[in-house]
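Structure, as structure tokens:
Remember, predicted model here, so these are calculated numbers, not experimental data. In what follows, chains are A, B, ... by sequence order, proteins preceding strands, each numbered from 1.
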Amino acid sequence: MSSFAPEHPLPFQYDAALEETLTDLTSLLSDSYRLTRRAVALLLLQEDPEILAMVREVEGERFAVIEERLKAARARTDQPLDVAISLQRHTTVRAVTERVVSHPPQTRPSPTEYLGRLCMSPLTGIPILMLVLWFGLYQFVGIFGGGTLVGLLEERLFGEIINPWMTARVESLIPWRWLSDLFVGEYGIWTLGITYAVALVFPIVGTFFLAFSVLEDTGYFPRLAMLIDRLFKRIGLNGKAVIPIVLGFGCDTMATIVTRILETRRERIIATFLLSLAIPCSAQIGLMTALLAGHPRAFMVWVGIMAGIFLIIGWLTAKLLPGEAARFTMEIPPLRLPSLSNIAVKTLARMQWYFLEVLPLFVIASIVIWIGQLTGLFDLVIRMLTPVVHLLGLPDKASEAFLFGFFRRDYGAAGLERIKEQLNVNQLLVSVVTLTIFLPCVAQFLMMKKERGMKMALMMAGFIFPFALIVGIVLNQLLKILPIKL
Amino acid sequence: MTRIPFFDIVRDAMRGAKRTQTDAVESKAGEAEETPRRRVMIVGNPNVGKSVLFNRLTGHYMVVSNYPGTTVEVARGRMRLGETLYEVVDTPGMYSLRPLSEEERVGRALILNEAADAVLHVADAKNLERMLPFTLQLIEAGLPVILVVNMMDEAERIGVKIDMEALQDAVGVPVVGTAVLSGRGLEELRNAIDEFIRSRTPAAVSV
């Protein structure tokens, strides 16, 4: 096992006391480690549990002596040994870098650097974030993508031209109503699946991904992560958790995988939980925004409620989590003007990714609903959901959207889009908030199961769905009692 | 290059999960008879270009993330230098030999359990002061370290100058300056690995 690892002539030394301890410890260790005895001794002094276990196993009876020496060494210093060791390493390194590295003289920050800093400081960063949300998300994705483009595509192109023609053709080809419904019925593969995907999801998700790529290319996101990191620290959460959380705005399912970078199981559980509860993914943000487009106050209330839930749940879980800040550093690239080719490539790649994932699902959903309708199961489930939907102050028709929402939040949002005209703004807000709190999608649940185990995934889902409904019901009551008309 | 492939990190994590299987298939198809006789391990902080270096050395395509801490799984590939076939191992990001996260534990487990003929410590030239403590630990641990000072182009752009010879004298291991994204210094690094391994007593590798 120890075929190499000659004792290198070291380019540096620790202080006399530490060197003495090291000499003592190395003389007690056997020569059967992949690392040098000196490195093993240092790791022992730093109380590395794995190394302790390894040495205990390798040294057998002699471990008692080693343990005793370690205890004595720890008692001799007033500074924790791991701190002392890393400080001394740092001193050595600084002596080297001072000789070897030369830095440019400090210059005044350039305007872009200054702007970059403004994005990160909470005082200015939060208003900037609001502006980005307002113009990038609400105006561009919601009003332009969800309003103008969807109007053109869904209502004009599909609603008035393609679908009537398609329906007529299919119905003349297939004389049986029950079968033609599979393709062009209310929930048909063409009239629901393809129409949703192409006419509804495409313009909204497309504009969202475009806005997202522009922001990404300017270098805004690392700054946003820094800003959220600072807020995280305020509420006492580990800063590293910001990475999966910010990623969740792209895709919760994949962000759940990224929670692996967190240090403890507990942190991973909290991050997974927050992701599935309060972070809408890219497609969902787009569609939810599109639903609320034209109702700026409702949009702001939605953003506010989601931020509130996130902070409260984050704070509560942080209370349960002993607060230990992890080392967290992030390279912040300079702000710059986005490049057109970069944006085009990224936007197209994302749309392709989303489409490949979503189109088959929409088609499958159409088929499942068709079977459900033939067997009467669909109506049964809808009838079961209706009382719940009534509690939310919504009309019967909304049950379908919520049924869809169990599978994917964005699918549910697309379902709401269909009945948008029948809802007032309050109802729209209640349904959007409730849906946002739902689990993101079936894939998310499967990933939770894979990463956190079936029990944990079920517990989280068991909390999230009732919680979503309760928030919706409370919101509905509040709007009624106060009474607020958005 | 300073763009942040925000989505790439996500895709990367996904690919990471699948990578092991792909590798197994590829190695079966590609180099059926030959097993690598040497091993090179790439270590270093997150976000310093380990995965790009891995791709450049092995020619094995993989999407590279620019976010800290995302090389969650271990990537393995192959590289040929002269007549020798190497296994190249890309380890998860590590800040020190004393692991604090699951990823770091994986990284150290690799160092502990798999003998390497060369350990490439990839460091960010812009931030040597933060990188070198880990180099010291690797040297201290008796590992066959080559220090790869990466992102030289970015460092130069912001006016950071590094005296490579003086650095090599100070740390006592080979030092190579690179900018792996643009391919700069790669040839020099390959030569350095080759020379380094020749100069050392052969290690028994069991792949």
task: Report the option among A:E50, A:H90, A:E47 that has the most heavy-atom pairs separated by less than 4.5 Å from atoms of chain B.
output: A:E50

- prompt: Could you go step by step and tell me if A:S213 and A:T347 meet the side-chain hydrogen bond (donor to acceptor under 3.5 Å, both in side chains) rule?
  reply: CA-CA 6 Å; A:S213 306; A:T347 309; 3.1 Å; yes

task: Sort B:I111 into side chain, backbone, both or neither according to what part of it lies under 4.5 angstrom from a heavy atom of chain A.
output: both

message: Please classify the contact between A:V96 and chain B as side chain, backbone, both or neither, with a heavy-atom cut-off of under 4.5 Å.
response: side chain

message: Is it the case that the side chain of B:R39 and the backbone of B:A115 share a donor-acceptor pair, with hydrogens and angles ignored and the cut-off at 3.5 Å?
response: yes

task: Output yes when B:R190 and B:E195 qualify as a salt bridge under the 4.0 Å nitrogen-oxygen rule, no when they do not.
output: no

- request: Counting only heavy atoms closer than 4.5 Å, note whether A:I51 contacts chain B via side chain, backbone, both or neither.
  value: both

task: Start with the C-alpha gap between A:T272 and A:R452, add the side-chain angles, then the distance that decides, and say whether side-chain hydrogen bond (donor to acceptor under 3.5 Å, both in side chains) holds.
output: CA-CA 8 Å; A:T272 309; A:R452 301 287 93 86; 2.7 Å; yes

query: Ring centroid separation for A:F221 and A:F212, is it under 6.0 angstrom?
result: yes

query: Based on non-hydrogen pairs under 4.5 Å, which of A:D82, A:L42, A:T97, A:V40 is most in contact with chain B?
result: A:T97

